[in-house]
Amino acid sequence: MILHELIDFGTLRVIWWALLGVLLIGFAMTDGFDMGTGALLPFVARNDTERRVVINTVGPVWEGNQVWFILGGGAIFAAWPPLYAISFSGFYMAMFIVLAAFIVRPVAFKYRSKRQSSTWRSVWDWALFAGGAVPALIFGVAVGNVLRGVPFRLNDFLMPTYEGSFFGLLNPFALLVGLTSLAMLTMHGAAWINLKTEGLIQSRARRFGTRAGVVAMAGYALAGLWLTMMPGYHFTHAVAVDGPSNPLFNGVAHGGSWLAAYADRPWIIVAPIMGFVGMAMALRGLQSGGEATTLLWSKLGILGVISSVGLTMFPFILPSSVDPDSSLTVWDSSSSHMTLFIMLVAAVFFMPIILAYTAWVYKVLWGKVTEEQIKTSGETLY
């Protein structure tokens, strides 16, 4: 038996669908609090010393956290080439704005402390705010558009044509999901600041985080209700899970409801339950003064919210609103059997190393950032 045939093609496709979800959730859990902290910077810190405290809570870890974003993009490119080609080209302007924000953020970290000028530092502080808030919003808008269906079609040679526009992405449902994403990651950032700081900064983070959490929960509930009225996608005939990687091979229809998945697979209700419970307990922690547990509950909320999207849509990855037959699914838009197997072997080897290193870094950097540390450090910190 050929080695890669130890795992059948259909199973490998599901494994890589799940691993992609793990990478995206890992990104939201780690770099998510970096983005949330940046979005909160102008509101929880009122002077230069306080702003340096907040910046130094994420300054040593944000680069490592962003690795999850790179891994997610790489996994999409290697495991789901059509998804990479269509989403990155169709959402080109949105992706460009996200990348611009991610480019500005490290520049702000490095250049903010180079001059004592209050104007200079204020400019970079607002750059950090944009570097956190803008991607958090746009990622949610992208998810909202995926749930609605993306206006693309494939010709007989599988060449994609995107028929939408940047402003077409800014529809009411997508903006609601974007606002929910921003609020959720802002709450996550508040939980992080609450863990890493003390005094006035900590109390302000709790206050703003509580407000953001209420908005996140309300937005998540409203988006769920909206989905009950939004047509979903389904196959028109039985699908071969180990069939060719050709989206036109399977027939897809637009209609019914996304929420029909909960009737077919009742166990997936655990995802939205985790989302609501995690956010509710994080809110309670912010109000009661919990620290480490509050951040863990916030992570659980993120896990539930993102998982609920993936499990609701499964096996669809990128549905088409103008030509349902062009929709990308787990069963017909992956790389080859051999490619997925080789990638899985690499993931099994490298992922534990990445996780172990990340855990070690957080252990070394454990503890609070105080104003006294900032005042006595000179310019050795951010």
Side-chain angles (χ1 to χ4, degrees), residues 1-32 61-89 95 99 102 139 142-143 146 158 160 239-247 249-250 265 267-268 270-271 299 302-304 306-311 313-318 327-364:
M1 177 182 290
I2 301 175
L3 190 60
H4 74 273
E5 292 181 352
L6 291 171
I7 305 178
D8 66 84
F9 199 10
T11 301
L12 272 175
R13 283 168 159 167
V14 174
I15 289 173
W16 270 104
W17 169 82
L19 283 175
L20 177 59
V22 168
L23 294 174
L24 295 178
I25 291 169
F27 169 65
M29 284 184 174
T30 55
D31 204 45
V61 298
W62 72 267
E63 287 179 291
N65 294 339
Q66 200 159 294
V67 166
W68 291 96
F69 178 68
I70 298 170
L71 288 174
I76 293 174
F77 174 79
W80 311 97
L83 174 62
Y84 183 91
I86 295 171
S87 61
F88 277 64
S89 58
M95 291 292 183
L99 290 176
F102 279 164
F139 286 139
V143 171
V146 169
L158 301 183
V239 176
V241 299
D242 57 351
S245 290
N246 180 351
F249 182 76
N250 295 309
R265 292 169 279 132
W267 61 271
I268 68 175
V270 68
K299 288 178 181 291
I302 290 172
L303 170 63
I306 298 178
S307 296
S308 67
V309 175
L311 291 171
M313 291 183 60
F314 182 86
F316 290 90
I317 301 177
L318 192 68
S327 299
L328 307 184
T329 77
V330 171
W331 311 130
D332 55 28
S333 57
S334 72
S335 292
S336 69
H337 193 170
M338 175 67 80
T339 299
L340 295 184
F341 180 79
I342 293 173
M343 289 173 59
L344 181 61
V345 172
V348 168
F349 178 78
F350 286 109
M351 282 294 290
I353 297 174
I354 294 172
L355 291 172
Y357 174 75
T358 301
W360 177 78
V361 168
Y362 278 94
K363 181 181 179 181
V364 170

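Residue numbers start at 1 and run along the sequence shown. Because the structure is predicted, anything quoted here is derived from the model rather than measured.
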L23 and L71 have their tightest heavy-atom pair at CD1-O, 3.7 Å

Should we say atom CZ of F350 is surrounded by more than 12 heavy atoms from elsewhere, each under 6.0 Å from it? no

Distance-minimising heavy-atom pair for V241 and R13: O-NH1, 2.8 Å

How close do A347 and P352 get, heavy atom to heavy atom, and via which atoms? O-CD, 3.9 Å

So how far is it from M338 CE to L12 CG, rounded to the nearest 0.5 Å? 11.0 Å

Close side-chain approach of V239 and F249, heavy atoms under 4.5 Å: no

Pick one: which of W62, F69, W68 meets side chain to side chain contact (heavy atoms under 4.5 Å, CB included) with T30? W68

Side chain H337, main chain D242, donor-acceptor under 3.5 Å: no

Expected output: side-chain S245 to main-chain S334 donor-acceptor under 3.5 Å: yes

Kindly determine whether Y362 and Y357 satisfy ring-ring contact (aromatic ring centres under 6.0 Å, His included), including the steps that lead there. CA-CA 9 Å; Y362 278 94; Y357 174 75; 9.9 Å; no

Give me the atom names and distance for the closest heavy-atom approach of L328 to P247. CD2-CG, 3.5 Å

Ignoring hydrogens and angles, tell me if any N or O in the side chain of R265 forms a donor-acceptor pair with the backbone of L311 under 3.5 Å. yes

Just by distance, do the side chain of S333 and the backbone of T329 share a donor-acceptor pair under 3.5 Å? yes

What's the spacing between I76 CD1 and S87 OG if we round to 0.5 Å? 6.0 Å

For ring-ring contact (aromatic ring centres under 6.0 Å, His included), just list the numbers for F314 and W331, CA-CA rounded to whole Å, side-chain angles, deciding distance to a tenth of an Å, and then say yes or no. CA-CA 10 Å; F314 182 86; W331 311 130; 5.8 Å; yes

In terms of relative ring orientation, are F77 and Y84 parallel, tilted or perpendicular, with 30° and 60° separating the classes? perpendicular

If you measure from OG1 on T11 to CZ on F341, what distance do you get to the nearest 0.5 Å? 12.5 Å

Give the C-alpha distance, both sets of side-chain angles, the deciding distance and a yes or no for side-chain contact (heavy atoms from CB on, under 4.5 Å) between L20 and W80. CA-CA 10 Å; L20 177 59; W80 311 97; 4.0 Å; yes

Quick one about N246 and D332 (side-chain donor to acceptor, distance below 3.5 Å, no hydrogens or angles considered), yes or no? no

L344 and I7: CA distance, side-chain angles, deciding distance, side-chain contact (heavy atoms from CB on, under 4.5 Å) verdict: CA-CA 10 Å; L344 181 61; I7 305 178; 3.8 Å; yes

Do you know which two heavy atoms are closest between S336 and F9, and how far apart they sit? C-CE1, 3.8 Å

Is there a donor-acceptor contact under 3.5 Å from the side chain of S89 to the main chain of I86? yes

Do the non-hydrogen side-chain atoms of M351 and L19 ever get within less than 4.5 Å of each other? no

For S307 and L303, indicate whether the former's side chain and the latter's backbone hold a donor-acceptor pair under 3.5 Å. yes

Please report the interatomic distance OG1(T358) to CD1(I353), rounded to the nearest 0.5 Å. 11.5 Å

Minimal non-hydrogen separation, A75 against W16, with atom names: CB-CZ3, 4.2 Å

